[in-house]
Amino acid sequence: WDELNTLVLHLTEEIGKSDVDGLRDAIQSCQKAGLIDDDSAADCVLTKAQQSLAELEELLLGLNFAVESRDLVRLEDFISKCETKGVPPRYFHQAAHCQKEILSLMNNLDSARKGLDLGRLDQAIQECQTFGLPQAALEEALTVRRRIHAVHSELKLVVESRDVEKVEAMIVECRNLGLPEQDFIDACNLKQ
């Protein structure tokens with residue numbers, strides 16, 4: 001009985017730690033010692049441990065999916081669930097690192113989008129795509145990039161036409177959009 005009580009006590013401790021490996025080992029030790037479902041107190045603890053293990057494994061599976069899909073909302077949700085459940089940080093260290101990386105990429109992307117600098121925007125979009133961020137996370141930046149490209153194309157045609165009125169209107173549009181002056185410096189030079 002002492003060995004069985006020790007195993008059950010260890011199993012109870014492992015349930016409280018929310019440590020998948022420790023819990024799995026404790027369950028296996030109890031099963032090897034012959035604990036079976038016969039409604040004894042020890043078996044109730046074993047059943048509870050198995051349920052807890054299944055919940056933790058499902059949580060970690062969701063966490064891994066969030067990492068693979070690079071889904072920031074899911075990552076934040078599953079990391080929060082892990083912390084709330086008391087899962088040791090080693091189980092979600094990679095997810096937390098991925099979350100930090102995504103936040104950094106998104107901040108860089110947002111800064112490039114707001115700065116309307118096509119070179120920086122292209123680079124930020126490329127970095128996000130290389131990291132595997134979902135297309136939806138890039139939509140706003142891609143829309144801005146398409147708009148900048150369209151304005152650049154239109155600007156090139158207007159400058160080539162040498163139509164001063166159109167050049168002046170285009171300069172106003174570029175300024176209203178907030179484009180860096182270097183983007184329309186040829187038009188400014190032509191106007192003078």
Side-chain angles (χ1 to χ4, degrees), residues 18 20 55-192:
S18 295
V20 173
E55 289 171 12
L56 287 170
E57 288 174 334
E58 187 176 326
L59 181 63
L60 294 179
L61 193 63
L63 186 66
N64 287 335
F65 178 75
V67 168
E68 288 172 15
S69 67
R70 305 293 199 239
D71 185 326
L72 184 60
V73 173
R74 276 194 174 136
L75 269 172
E76 290 171 340
D77 182 47
F78 279 103
I79 289 170
S80 175
K81 286 178 182 176
C82 286
E83 290 171 339
T84 299
K85 194 141 179 88
V87 174
R90 74 175 184 273
Y91 288 103
F92 57 93
H93 173 76
Q94 179 189 4
H97 178 73
C98 182
Q99 175 191 29
K100 185 178 176 183
E101 189 72 26
I102 290 171
L103 288 171
S104 174
L105 287 166
M106 294 303 292
N107 285 337
N108 188 29
L109 183 65
D110 192 49
S111 173
R113 181 187 57 78
K114 287 178 180 171
L116 300 173
D117 181 321
L118 193 56
R120 279 187 57 219
L121 188 57
D122 283 339
Q123 181 181 354
I125 289 170
Q126 180 61 46
E127 288 171 356
C128 290
Q129 289 172 330
T130 299
F131 192 72
L133 290 186
Q135 190 71 15
L138 307 174
E139 279 309 315
E140 194 174 342
L142 291 168
T143 299
V144 168
R145 181 172 71 177
R146 283 189 292 273
R147 179 68 183 129
I148 292 172
H149 277 296
V151 168
H152 283 187
S153 295
E154 190 178 340
L155 183 63
K156 184 178 177 190
L157 292 174
V158 166
V159 168
E160 287 173 0
S161 77
R162 301 215 179 274
D163 182 327
V164 176
E165 280 184 30
K166 287 182 180 178
V167 168
E168 287 176 354
M170 202 64 213
I171 290 171
V172 169
E173 183 176 350
C174 290
R175 285 193 174 126
N176 287 342
L177 280 172
L179 290 178
E181 195 159 318
Q182 70 190 28
D183 287 8
F184 55 96
I185 194 76
D186 289 344
C188 291
N189 291 339
L190 183 64
K191 182 183 153 192
Q192 294 172 355

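- Summarising the geometry, atom CG belonging to L121 is positioned 8.0 Å from atom CG belonging to L116; distances are rounded to the nearest 0.5 Å.
- Atom CG of L138 and atom CG of L105 lie 9.5 Å apart (nearest 0.5 Å).
- One distance of note links CG of D163 with CE of M170; it measures 12.5 Å at 0.5 Å rounding.
- In this structure the side chain of L179 never reaches within 4.5 angstrom of the side chain of E173, judged on heavy atoms.
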Pair up each side-chain donor or acceptor in residues 151-159 with any protein partner under 3.5 Å, not counting sequence neighbours, and list the distances.
unit_1, atom_1, unit_2, atom_2, d
H152, NE2, D183, OD2, 3.0
S153, OG, H149, O, 3.1

Problem - Steps toward side-chain contact (heavy atoms from CB on, under 4.5 Å) verdict (N108, Q123) - result: CA-CA 10 Å; N108 188 29; Q123 181 181 354; over 6 Å; no

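- Other residues, nucleotides and ligands contribute at most 12 non-hydrogen atoms within 6.0 Å of the CD atom of Q94.
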Can I get a per-line list of side-chain donor-acceptor pairs under 3.5 Å for residues 80-88, giving both atom names and the distance, sequence neighbours left out?
unit_1, atom_1, unit_2, atom_2, d
K81, NZ, D77, OD2, 3.3
T84, OG1, S80, O, 2.9
K85, NZ, E55, OE1, 3.2

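- Between D71 and L133, the closest side-chain pair of non-hydrogen atoms is not below 4.5 Å.
- The shortest non-hydrogen separation linking L103 to L72 is CD2-CD2, 3.6 Å.
- Atom CD of E160 and atom CZ of R162 lie 9.0 Å apart (nearest 0.5 Å).
- Other residues, nucleotides and ligands contribute only 12 or fewer heavy atoms inside 6.0 Å of the CD atom of E58.
- R70 places a side-chain N or O within 3.5 Å of a backbone atom of F131 that can act as its donor or acceptor partner.
- Remark: D122 engages R145 in a side chain to side chain donor-acceptor pair (under 3.5 Å) (not counting sequence neighbours).
- Expressed to the nearest 0.5 Å, how far CG of L59 lies from OH of Y91 amounts to 12.0 Å.
- When all heavy atoms of L63 and A95 are compared, the closest pair comes out as CD1-CB, 3.5 Å.
- The nearest pair of heavy atoms linking C128 to L109 is SG-CD2, 4.0 Å.
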Exercise for the section: Evaluate the side-chain hydrogen bond (donor to acceptor under 3.5 Å, both in side chains) criterion for residues E139 and T143: first the C-alpha distance (whole Å), next the side-chain angles of each, then the deciding distance (0.1 Å), finally the verdict. Expected result: CA-CA 6 Å; E139 279 309 315; T143 299; 4.7 Å; no

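- Here the straight-line distance linking atom NZ of K114 with atom CZ of R120 works out to 11.5 Å at 0.5 Å rounding.
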